[in-house]
2 protein chains.
Amino acid sequence: MQSQNLINVITDALPNLNKSETKVAQVILSDPDAATQSSIATLAKKAHVSEPSVNRFCKRFNATGFPDFKLRLAKSLASGIRFVNRNVDPDDDVASYTPKIIDSTINTLALVRDKISHTRVNQVVDKLIQAKRIYFFGLGASGSVARDAENKFFRFNLPVSSHDDVLMQRMLASTGGTGDVFFVISHTGRTKEVVEVAEIARRNGSTVIGLTVVDSPLAEMCTVTLDVDVPENTDEYMPMASRIVHLVILDVLATGVTLRRGPDFLPHLEKIKNSLKPTRYKNDN
Amino acid sequence: MQSQNLINVITDALPNLNKSETKVAQVILSDPDAATQSSIATLAKKAHVSEPSVNRFCKRFNATGFPDFKLRLAKSLASGIRFVNRNVDPDDDVASYTPKIIDSTINTLALVRDKISHTRVNQVVDKLIQAKRIYFFGLGASGSVARDAENKFFRFNLPVSSHDDVLMQRMLASTGGTGDVFFVISHTGRTKEVVEVAEIARRNGSTVIGLTVVDSPLAEMCTVTLDVDVPENTDEYMPMASRIVHLVILDVLATGVTLRRGPDFLPHLEKIKNSLKPTRYKNDN
DNA sequence: TCTTAAATGTAGTAAAATTACGTAAATTAT
DNA sequence: ATAATTTACGTAATTTTACTACATTTAAGA
């Protein structure tokens with residue numbers, strides 16, 4: 001993997017290096033932080049090798065040159081990198097598992113940020129803008145995602161509802177038609193009931209949007225799919241990141257819709273916000 | 001603070017910079033990763049300023065010079081996290097607002113990771129382990145967080161329920177007692193109804209756990225509070241990050257409980273996982 | 001409007017990194 | 001063992017990059 005820690009890479013490569021490269025490696029490993037702040041000349045001196053040797057050393061590790069190498073070394077040294085991609089151990093204490101779980105969520109989000117299709121997002125926003133009515137469907141953990149989505153989207157002055165009852169979902173899907181958008185959320189994309197509901201809705205001419213996994217049965221059934229390629233967690237201790245990802249994607253969609261509505265729509269949002277003020281103790285925003 | 005992220009520092013300083021420095025800042029913030037790989041000349045060209053201006057800019061941020069500045073920038077960029085705290089503009093397109101929203105969520109999570117009190121997390125896990133029964137309470141957006149929590153915690157073979165009905169919450173709070181844990185989730189910590197419910201539960205001898213804001217009326221009412229110091233979003237376009245944070249904290253708590261239960265408990269979790277297999281199309285995990 | 005200070009740019013200089021090339025060491029084949 | 005060939009390493013020149021000193025412009029204050 002590209003994001004593998006440079007220091008580990010160097011340590012691993014140590015036995016395969018030749019004389020002068022080993023000298024350079026040792027100097028860097030003995031004080032990587034100092035290395036990031038030295039010039040090629042001082043480093044060469046410290047390692048008792050020539051400058052080009054240091055340069056060649058850098059290129060061996062896929063850097064374009066010495067400055068690039070230092071940059072990558074600096075990134076490896078950054079504090080934020082700590083727990084990246086590490087799983088929770090059965091004997092971890094709070095101070096260990098807390099950042100691990102949060103970091104793992106952060107990494108997943110970063111992945112989604114870089115991979116999500118903007119075209120698709122746009123298409124979905126299009127559909128949501130055109131909708132006369134929106135239904136959010138989800139079962140299990142996706143049920144609360146659907147509910148959260150309802151809480152976000154009712155603000156757009158549209159009939160919106162969320163459902164986690166399979167029978168209810170079937171009935172609604174079969175009564176829907178043009179102008180109705182069924183927004184189906186599924187962590188696996190393979191739950192039979194969910195796929196069937198999507199099929200029913202589709203057959204009746206409704207728009208079906210899927211927030212689910214690439215190439216899943218559900219994805220194939222939808223008008224547009226926002227397929228998220230979140231790595232499946234095999235670890236028992238690790239929580240499901242897809243819920244979080246789905247929520248954030250719904251945030252993105254809601255923002256997309258708000259922007260399309262234009263600035264004239266903002267007072268309406270403000271009104272909703274203010275409606276809650278009397279329910280709160282003072283010193284509020 | 002020294003470990004403060006350079007990008008945040010630049011963003012904060014933005015209003016105090018003079019013309020050419022602002023130009024430089026904008027170019028760097030718009031693509032920090034590119035900045036770390038450019039020479040002072042190319043950066044100066046991009047920002048339409050002279051090279052010494054870039055150099056002065058770097059020195060203003062306590063760097064010894066341009067290379068040192070790039071190094072520090074690189075560290076801030078480590079682990080794929082862009083800490084940029086840019087807001088969504090009314091005329092942003094998908095490609096702009098999508099990463100902005102995800103980055104903002106990531107940024108908030110990173111903040112929580114560094115600030116959350118491990119002692120408190122431990123205390124809450126203690127209480128949850130000892131609980132005979134757990135009620136998750138939340139209104140509005142926190143309602144779906146509560147529901148998600150229920151979906152996670154029922155796996156521990158405990159009577160668990162979630163409620164978003166104020167009357168129901170009051171009744172349950174007043175009938176509770178020792179061994180009952182009321183887990184109250186609130187974005188603001190100032191919703192009167194919620195604070196009252198917490199008070200009722202507390203009076204009846206139940207344990208009240210708050211997932212809410214520091215120094216809020218709710219926080220003061222609780223046996224233990226996990227107070228999250230998530231920056232309030234004033235921007236209309238920006239989604240509420242606290243929901244996500246709350247969900248992730250609940251992930252952390254659930255993991256804490258799982259670990260305390262020990263390895264003997266894993267087969268039980270496995271059983272629940274397997275129970276869903278028949279509901280899915282094949283080729284599943 | 002003049003004075004002064006701050007901001008920015010120009011041009012020259014120094015430093016750093018890279019390349020081309022040559023020599024030395026090591027490896028292989030004879 | 002020694003010649004041939006490859007690989008490793010260094011020297012020196014070149015190029016790129018960063019920095020400094022100073023000049024010019026712009027803005028602010030009197």
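Just so we're on the same page: letters track the sequence lines, and every chain starts at 1.
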What are the two closest non-hydrogen atoms of [X] and [Y], and how far apart are they?
{"X": "Ile10(A)", "Y": "Phe57(A)", "answer": "CG2-CZ, 4.3 Å"}
{"X": "Thr188(B)", "Y": "Thr191(B)", "answer": "OG1-OG1, 3.4 Å"}
{"X": "Ala41(A)", "Y": "Glu51(A)", "answer": "CB-OE2, 3.6 Å"}
{"X": "Pro99(A)", "Y": "His118(B)", "answer": "CD-NE2, 4.3 Å"}

[X] [atom1] to [N] [atom2], straight-line distance once rounded to whole Å:
{"X": "Gln37(A)", "N": "dA17(C)", "atom1": "CD", "atom2": "C1'", "answer": "18 Å"}
{"X": "Phe57(A)", "N": "dT18(C)", "atom1": "CZ", "atom2": "P", "answer": "14 Å"}
{"X": "Asn55(B)", "N": "dT20(D)", "atom1": "CG", "atom2": "P", "answer": "7 Å"}
{"X": "Ile40(B)", "N": "dA17(C)", "atom1": "CD1", "atom2": "C1'", "answer": "16 Å"}
{"X": "Lys59(A)", "N": "dT7(D)", "atom1": "NZ", "atom2": "P", "answer": "18 Å"}
{"X": "Asp68(A)", "N": "dT17(D)", "atom1": "CG", "atom2": "P", "answer": "13 Å"}
{"X": "Lys45(A)", "N": "dG10(D)", "atom1": "NZ", "atom2": "P", "answer": "15 Å"}

Worksheet item: Just checking, any donor-acceptor pair under 3.5 angstrom between side chains of Asp93(B) and Ser96(B)?
Response: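 Per modelled atom types, Asp93(B) and Ser96(B) side chains form a pair under 3.5 Å.
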
Worksheet item: side-chain hydrogen bond (donor to acceptor under 3.5 Å, both in side chains) with Arg113(A): which of Asp103(B), Thr105(B), Thr98(B)?
Response: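 Considering Asp103(B), Thr105(B), Thr98(B), a side-chain hydrogen bond (donor to acceptor under 3.5 Å, both in side chains) with Arg113(A) is found only for Asp103(B).
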
Extract from the structure each pairing of a protein N or O with an N or O of nucleotides 13-15 of chain D at less than 3.5 Å, listing the distance.
none

Discussion item. So does Leu17(B) get a backbone contact from the side chain of Arg60(B), meaning a donor-acceptor N/O pair under 3.5 Å?
Written reply: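 Checked: no pair found.
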
Using the 3.5 Å cut-off, write out each protein N or O paired with an N or O of nucleotides 7-10 of chain C and the distance between them.
from	atom 1	to	atom 2	distance (Å)
dA7(C)	OP1	Asn18(B)	ND2	3.4
dT8(C)	OP1	Lys19(B)	N	3.1
dT8(C)	OP1	Ser20(B)	N	2.9
dT8(C)	OP2	Asn18(B)	OD1	2.9
dT8(C)	OP2	Asn18(B)	ND2	3.4
dT8(C)	OP2	Ser20(B)	OG	2.9
dT8(C)	O5'	Ser20(B)	OG	3.0
dG9(C)	OP2	Ser50(B)	N	3.0
dG9(C)	OP2	Ser50(B)	OG	3.3
dG9(C)	OP2	Ser53(B)	OG	3.0
dG9(C)	N7	Arg56(B)	NH2	3.0

